[in-house]
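I have placed the structure first, in the form of C-alpha cells, so that the comments after it can refer back to it.
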Amino acid sequence: MGAPGGLDSDAFFDALLEAVPVGVVACDSDGRVVYINRAMREVRGLSLDGPVPVDYAEESERILADPDMHPLTWSQTPLIRALRGEHIVDADVVVRRPGEPVRIFTNAAQQIHGAENAVLGAVVVAQEVTTLRRAERFRSCHLAVERVLKRADTVQSAATDVLRAISVSLGWPGVELFLLDETPGGGLRPVGHWDATGAAPDGFFGHIPHRGEGLTGQVWDSGRPRWVADLESDLSGLTPYEQDRVEICLRWGLRTGLAVPVHDGNTLLGVLTCYVAHQERYDDLLAVLMDGVAAQIGVFVALRRAEELARQLTRAQSDFVDLIGHEMRTPLTAITANATLLVEDAASLDHEARQMVQTIARNAATLQRIADALLDLAGLDSGHLTLDRRPVDLVALVKDVVSVAERPGRRIRISTDLPGELQLLGDPDRLRQVLDDLLANAIKYSPPGAPIWISLRADDQFAELCIADTGIGTPEAERDRVFERFFRGSNVRHQGTYGSGLGLSLARAIVHLHGGSIRLSGNRPSGTIVRVCLPLA
C-alpha cells in the first residue's frame, strides 16, 4: 500500500515518524544507526535536523542504564538485541544525561526484513514511562516499609530493614534515620542506616547532626522537608560542618539529598535522610510518598515508645507492690494489732484519747486492707497464689453474702432472683471475696435505702451473676478502665467517696483465673449492672 493521495511514500513515512510523540531509532544490518526521529533527538539532546552522530553508540553507553541503574553496553540495548533476532516488548531503559533528571522509557524493538526475508536492520520504539514507573516504585516502597513495620518489635530492629526497603525500592544508595532523645533537650541521634553500595566513606553514616546546619540539621530545626537537587551547585556560605558533609557526599558520588521530618501528630520524633547518586526530580508524587513513609515510621516509633513507657510503669507498679509487701506489711500488722488492743482497753481513757485511739485503729486497718489487696493482686497475677478449686454452690454463697450485708441497722434493700442450687468448680473463698466487693460497691455508691437486685442464671456451660443498683453509675467511657489498679471513676472522685481503686482489679483477677469474665454496663434510669460469667466445669 502506498502513501495517501499519491504522495511520495518515503516522504510520507518520514513525516509520520517525525510527528509521533514516541522515540524511533533504526539501524542497518551492521548495527549502524541510520535514522533517529525528532522525539528521540529531543530526548538525547541532538540537533533536530542534522545527520546521525557518528558517536551515537558510544554516547549511548555513557547515558543508558537498566532499571537497576547498571550501565548498558551498546550490544545490550533493545535495538541491537532485536537486530540479533530477539523480539523485544516492554524493555525499560533509563536515560541519565548529565545535569538532567533521570527518565525511563519502555522499548519495543524488532528486525526489519526485506525481500526473501533478508534482515535489513532493526527498529526500536521508545515511550516515556517515567511518571508511571515512579508511581510503581513509590507504591512498592510504601508496601515494603509497611511489611517491615508489621513484623518488627523494636525501633532498632526495624530501622535497618525499613531503610533497606526504601533504598531498594527507590534505587537510592544511602538512607539514614535519626531520632530525638526522649530526654528534655535531647539531641538528634542516628539509629540506623543502609548503604546499597557498601562503599560509603568513613564518617558518612553515624554522624551527630548539628541543629540548623546541613540537610538533616535544617529539617530538625524547621520541621519541614528539605530537598537539595544538586549538592555541588552552591558551596558558598556554608559552615565548616556543612562543607565537610557536602565534600563527603561528593566523594561518594552523590548528587541529590532529601530529608523529611518524622512526626507523631505535631511532635517531631526524628528525621529521615536520603541520598541519591543521580539528579532526582522532587515532584508532588515524591513529596506525598516520603511524607507517607515518614508518617509510617512516626506512628511505629510513637507506639513502641508508648509500649516501653507502659512496661516501665508496670515495673514501677510491681516495685511499689514489692515495697508494700516486704517493707510495710510487718509494721502495719504490728500497728493494727496494738491499736486494736488499745481500743479494747480504752475504757480508762478520756473521750479525746479514745477518739485518737479509734482513729489510729481505723486507719491502720484501712492501710492493712490496701496492703493485703495489693499483695493478693501481685500473687494472683504472678501465679504465686493459686486457686483452691472444689465444688461450690454459688447460690448458697450469694445468700450468705446477702445475709451479712443485710445485718440489722443497715438501710439497704436487696432483692434476689436465684435458683435452688447452682454447682460449679471454684475457690469458695476467692469467689466470696468477689461477691463481697461487688455488693459492697453497689451499697456504697447507692443512696441509703435504694434497691439492689441480684440475679443468677445458668445454661449448660456458664453461670451469669448480675448485681444491679440505682446509684451514681460509671461514665460509659470509663467502664473498661475501672478494672485497672488504682483507677477510680471521675464521678466518684468528684463526690469524695473513699476507695482505693483496687476492689474491681482484684475481682477481675479472680474471675479471670476461674476462666470467666466480668463487665460493667449502665442501668436505667441510673446506676450500674455488673455481670460476672463463670464456667460451670
Keeping [X] on the side-chain end and [Y] on the backbone end, is there a donor-acceptor pair under 3.5 Å?
| X | Y | answer |
| --- | --- | --- |
| D291 | V260 | no |
| D221 | R211 | no |
| E176 | G206 | yes |
| R97 | R103 | no |
| S29 | G121 | no |
| T256 | D230 | no |
| R41 | S47 | yes |
| S505 | F483 | yes |
| D68 | H70 | no |
| D195 | A200 | yes |

For the [atom1] atom of [X] and the [atom2] atom of [Y], what is their distance to the nearest 0.5 Å?
| X | Y | atom1 | atom2 | result |
| --- | --- | --- | --- | --- |
| E478 | L520 | CD | CG | 11.5 Å |
| Q111 | I88 | CD | CD1 | 10.5 Å |
| L272 | L163 | CG | CG | 6.5 Å |
| E213 | W220 | CD | CH2 | 10.5 Å |
| I166 | L177 | CD1 | CG | 8.0 Å |
| D264 | I297 | CG | CD1 | 13.0 Å |

D459 CG: over 12 foreign heavy atoms closer than 6.0 Å:
yes
Is the number of heavy atoms from other residues, nucleotides or ligands within 6.0 Å of CD (E476) greater than 12?
no
Sequence-distant partners of [X], side chain to side chain donor-acceptor pair (under 3.5 Å), two or more places apart:
| X | result |
| --- | --- |
| E58 | none |
| D30 | R32 |
| Q76 | T73 |
| Q127 | none |

For [X] and [Y], which heavy atoms make the closest approach, and how far apart are they?
| X | Y | answer |
| --- | --- | --- |
| H512 | S517 | CD2-CA, 4.4 Å |
| T273 | A259 | OG1-CB, 3.8 Å |
| V175 | C274 | CG1-SG, 3.9 Å |
| C533 | V511 | O-CG1, 4.3 Å |
| I248 | G203 | CD1-O, 4.2 Å |
| P261 | P225 | CD-N, 3.7 Å |

Do [X] and [Y] have side chains that approach each other closer than 4.5 Å (heavy atoms only, starting at C-beta)?
| X | Y | result |
| --- | --- | --- |
| R96 | P71 | yes |
| V33 | V25 | yes |
| P78 | E86 | no |
| C141 | V293 | yes |
| L170 | F138 | yes |
| V124 | M40 | no |
| R44 | I36 | no |
| V162 | F300 | no |

Working for side-chain contact (heavy atoms from CB on, under 4.5 Å), residues R84 and S75
CA-CA 9 Å; R84 293 197 299 265; S75 64; 3.8 Å; yes
Hey, are E42 and R38 close enough for a salt bridge, meaning a charged N less than 4.0 Å from a carboxylate O?
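Looking at R38 together with E42, the answer is yes, because their closest N to O distance falls below 4.0 Å.
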Charged N to carboxylate O under 4.0 angstrom, R304 versus E307?
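A salt bridge links R304 with E307.
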Tell me the salt bridge (charged side-chain N to carboxylate O under 4.0 Å, His left out) pairs involving residues 236-253, sequence neighbours left out?
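Passing the test, one end in residues 236-253: no pairs.
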Please collect all salt bridge (charged side-chain N to carboxylate O under 4.0 Å, His left out) contacts where either partner lies in residues 519-536, sequence neighbours excluded, each pair once.
none
Among pairs that include at least one residue of residues 140-149, which meet side chain to side chain donor-acceptor pair (under 3.5 Å), considering only residues two or more places apart or in two chains?
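Qualifying pairs, neighbours excluded: H142-Q296.
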Yes or no on side-chain contact (heavy atoms from CB on, under 4.5 Å) for V119 and L83, after CA distance, side-chain angles and deciding distance?
CA-CA 8 Å; V119 176; L83 181 63; 4.2 Å; yes
Considering residues at least two apart in sequence or located in another chain, which fulfil the ring pair (Phe, Tyr, Trp, His ring centres under 6.0 Å) criterion with [X]?
| X | answer |
| --- | --- |
| H113 | none |
| F105 | none |
| F462 | none |

After noting the C-alpha distance and the side-chain angles of E136 and R139, does the key distance pass the salt bridge (Lys or Arg N to Asp or Glu O under 4.0 Å) rule?
CA-CA 5 Å; E136 291 171 351; R139 175 63 175 164; over 6 Å; no
Which residues satisfy the side-chain contact (heavy atoms from CB on, under 4.5 Å) test with V168, sequence neighbours excluded?
R164
Listed once per pair and sorted, the ring pair (Phe, Tyr, Trp, His ring centres under 6.0 Å) pairs that draw on residues 240-274, sequence neighbours left out
F204-W252, F205-W252, H210-Y241
Please walk me through it: do V95 and E100 pass side-chain contact (heavy atoms from CB on, under 4.5 Å)?
CA-CA 9 Å; V95 177; E100 293 189 7; over 6 Å; no
side-chain contact (heavy atoms from CB on, under 4.5 Å) between T160 and W194: does it pass, once the steps are laid out?
CA-CA 6 Å; T160 299; W194 180 255; 4.1 Å; yes
